[in-house]
Amino acid sequence: MPVGPQDLKALADRAVAEIAACADDAALEAARIRYLGRKDGEVTQATKQIATLPAKEKPAYGAAVNEAKARIEAALETRGAALHGASLEGSLRDRVDLTLPGRPVRIGRLHPVTAAIREVSRVFATMGFETVEGPEIETDYYNFEALNIPPGHPAREKWDTLWVSNPLGDDVKKPLLGRTHTSPMQVRIMEQRKPPIRIVVPGRCYRYEATDAIRESIFFQYEGLAIDEKLTMADLKGVLYSFARQIFGSRSNVRFRPDYFPFTEPSAEIAFSCVICEGKDPQCHTCGGDGWIEAAGCGMVHPGVLRRVGYDPDRYQGFAFGGGLERLAMVKTGTPDIRLFYQNDLRFLESF
Ligand code: DAH
């Protein structure tokens, strides 16, 4: 127990030397407790002793206690800083093994439908078609009337339509709907441009429809339109034939059969030969066993449609086609059910 100022100086000398020799944080903490610990620290004991001293000794002794305490605190701080600096330097000296294999970085990938959209755009671009997009919410006029489907026309029943209420108080004579196909963009583009025109329109469509393995109520189509002088059905067949070969490979074939659409005359349906079973598997999920996959509707643009946008049908002709995009993606990726595209199951999406 220190009894005078001299003893306190000796105590502080000893503590400072000991602290300076501490090799790590644990030793430093032990030294702090030994000298400044609240209960039994040597300096703490000395502080408590002040009260027991005769009044005239108190000032000198008190001053010595304070000085010892200040010196010890300063020593603790200095040594602590030195130890931490040393540990940083030590870690900087650690060798890094640059030959270790890196940790794999998770990178995203294109959704199969996005990949199909890009592929369709790329293939038609090789034949001079420009990709454009149009509104998903359409007016009755562009979705139906401009395409020769007036109110009451039986063709409207082919499309299970989702009407949109007019929250912005738009003209009730122009009812809005989720477009049932991408064909309205044919009319919008013809209104905006003069021939020659060659466009392809990928885009989302909506139908009030129960979903199953090949139908979704929200789905994608791609639409094509070419307008020029002297275009014929042969041009249409050539373009779609080339498209099928570029998408599905040189073994694929195209089948044209007569069909009916109000906005084309004549109209046809195109089917691509099944690249999955090549027509050999009666149980094939992709083609249903008949070897053909119905892919799109098409035809020569109806003169009434041309006249409505101010084109002279005696001078200009054109062909158009529109097909389901997921259908292409399903065949290309061997996906048996359209719903898989929209369930966001990473096990499925990461397999591409
Ligand atoms: N829009 C039609 C549908 O959704 C498909 C179609 C048929 C598009 C003939 C066309 C066409 O461009 O010429 O069923």
Side-chain angles (χ1 to χ4, degrees), residues 101-126 131 133-137 159-162 178-182 200-224 240 243-254 269-297 321-352:
R103 294 200 187 100
V105 177
R106 277 170 66 104
I107 44 173
R109 65 197 75 207
L110 292 183
H111 189 280
V113 171
T114 307
I117 290 174
R118 295 199 183 175
E119 175 112 7
V120 165
S121 294
R122 185 187 62 74
V123 168
F124 281 113
T126 66
T131 296
E133 289 183 307
E136 290 176 21
I137 301 300
W159 285 286
D160 301 298
T161 310
L162 285 162
R179 64 178 173 193
T180 60
H181 52 178
T182 40
V200 59
V201 191
R204 204 177 265 114
C205 302
Y206 302 82
R207 291 187 195 175
Y208 179 62
E209 183 139 46
T211 58
D212 63 20
I214 55 167
R215 265 175 286 263
E216 264 289 4
S217 56
I218 300 176
F219 60 101
F220 279 84
Q221 285 192 340
Y222 58 97
E223 187 83 15
L240 291 175
F243 172 67
R245 295 225 150 176
Q246 291 192 59
I247 294 273
F248 297 122
S250 59
R251 285 221 301 272
S252 75
N253 224 327
V254 177
E269 166 226 271
I270 334 158
F272 298 138
S273 58
C274 181
V275 285
I276 306 289
C277 79
E278 299 185 332
K280 292 183 191 126
D281 177 7
Q283 319 280 8
C284 178
H285 289 300
T286 308
C287 67
D290 75 354
W292 294 98
I293 299 152
E294 285 176 19
F321 51 89
L325 232 145
E326 289 89 348
R327 211 39 93 77
L328 294 183
M330 285 168 77
V331 176
K332 260 199 101 63
T333 57
T335 300
D337 192 317
I338 190 173
R339 291 169 290 197
L340 286 165
F341 289 135
Y342 299 115
Q343 282 164 349
N344 284 339
D345 186 332
L346 283 180
R347 288 169 304 177
F348 170 73
L349 294 174
E350 285 180 346
S351 65
F352 298 104

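By convention here, the first residue in the shown sequence is residue 1. The shown structure was predicted, so the numbers you read here are calculated from the model rather than taken from an experiment.
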K.L.:
Is any side-chain heavy atom of L349 less than 4.5 Å from a side-chain heavy atom of N344?
P.N.:
yes
K.L.:
Sequence neighbours excluded, which residues qualify as salt bridge (Lys or Arg N to Asp or Glu O under 4.0 Å) partners of R106?
P.N.:
E350
K.L.:
Would you say CZ of R118 has more than 12 non-hydrogen atoms from neighbouring residues, nucleotides or ligands within 6.0 angstrom?
P.N.:
no
K.L.:
Can you name the side chain to side chain donor-acceptor pair (under 3.5 Å) partners of S250, sequence neighbours left out?
P.N.:
none
K.L.:
How close do T333 and P112 get, counting heavy atoms only, and between which atoms?
P.N.:
CG2-CB, 4.4 Å
K.L.:
Measure the acute angle between the ring planes of Y222 and F124, then classify it against the limits of 30° and 60° as parallel, tilted or perpendicular.
P.N.:
tilted
K.L.:
Would you compute the distance between atom SG of C284 and atom CD of E278 and round it to the nearest 0.5 angstrom?
P.N.:
10.5 Å
K.L.:
Which distance, rounded to the nearest 0.5 Å, do you find between the CG of L240 and the CZ of F321?
P.N.:
5.5 Å
K.L.:
Tell me the closest heavy-atom pair linking S252 and F248, and the distance in Å.
P.N.:
CB-CB, 3.8 Å
K.L.:
Who are the side chain to side chain donor-acceptor pair (under 3.5 Å) partners of T161, not counting sequence neighbours?
P.N.:
none
K.L.:
Output all residues satisfying side chain to side chain donor-acceptor pair (under 3.5 Å) with T131, sequence neighbours left out; order by chain, then residue number.
P.N.:
S121
K.L.:
Identify the residue among H181, E136, E216, R179 that makes a side chain to side chain donor-acceptor pair (under 3.5 Å) with Y206.
P.N.:
E136
K.L.:
Going from CH2 on W292 to SG on C274, what distance comes out if it is rounded to the nearest 0.5 angstrom?
P.N.:
10.5 Å
K.L.:
Is there a side-chain contact between L325 and P202, using heavy atoms and a 4.5 Å cut-off?
P.N.:
yes
K.L.:
Is atom OH of Y208 surrounded by more than 12 heavy atoms (other residues, nucleotides or ligands) closer than 6.0 Å?
P.N.:
no
K.L.:
Testing the basics here: between F243 and V123, what is the closest heavy-atom pair and its distance to 0.1 Å?
P.N.:
CD1-CG1, 3.6 Å
K.L.:
List in chain and number order the residues that pass salt bridge (Lys or Arg N to Asp or Glu O under 4.0 Å) with D337, two or more places apart in sequence or in another chain; answer none if no residue qualifies.
P.N.:
R339
K.L.:
Measure the CE-CZ distance between M330 and F341 for me, rounded to the nearest 0.5 Å.
P.N.:
6.5 Å
K.L.:
Mind checking the CD-CD spacing from Q221 to E326? Nearest 0.5 Å is all I need.
P.N.:
9.0 Å
K.L.:
Restricting to non-hydrogen atoms, name the atom on E119 and the atom on Q246 that form the minimum distance, rounded to 0.1 Å.
P.N.:
OE2-O, 4.3 Å
K.L.:
For V254 and I270, which heavy atoms make the closest approach, and how far apart are they?
P.N.:
CG1-CG2, 3.1 Å
K.L.:
By side chain to side chain donor-acceptor pair (under 3.5 Å), which residues pair with D212, not counting sequence neighbours?
P.N.:
R215
K.L.:
With side chain to side chain contact (heavy atoms under 4.5 Å, CB included) as the test, pick out the partner of F272 among N253, V331, I247, L328.
P.N.:
L328
K.L.:
When rounded to the nearest 0.5 angstrom, what is the spacing between CD1 in I218 and SG in C205?
P.N.:
11.0 Å
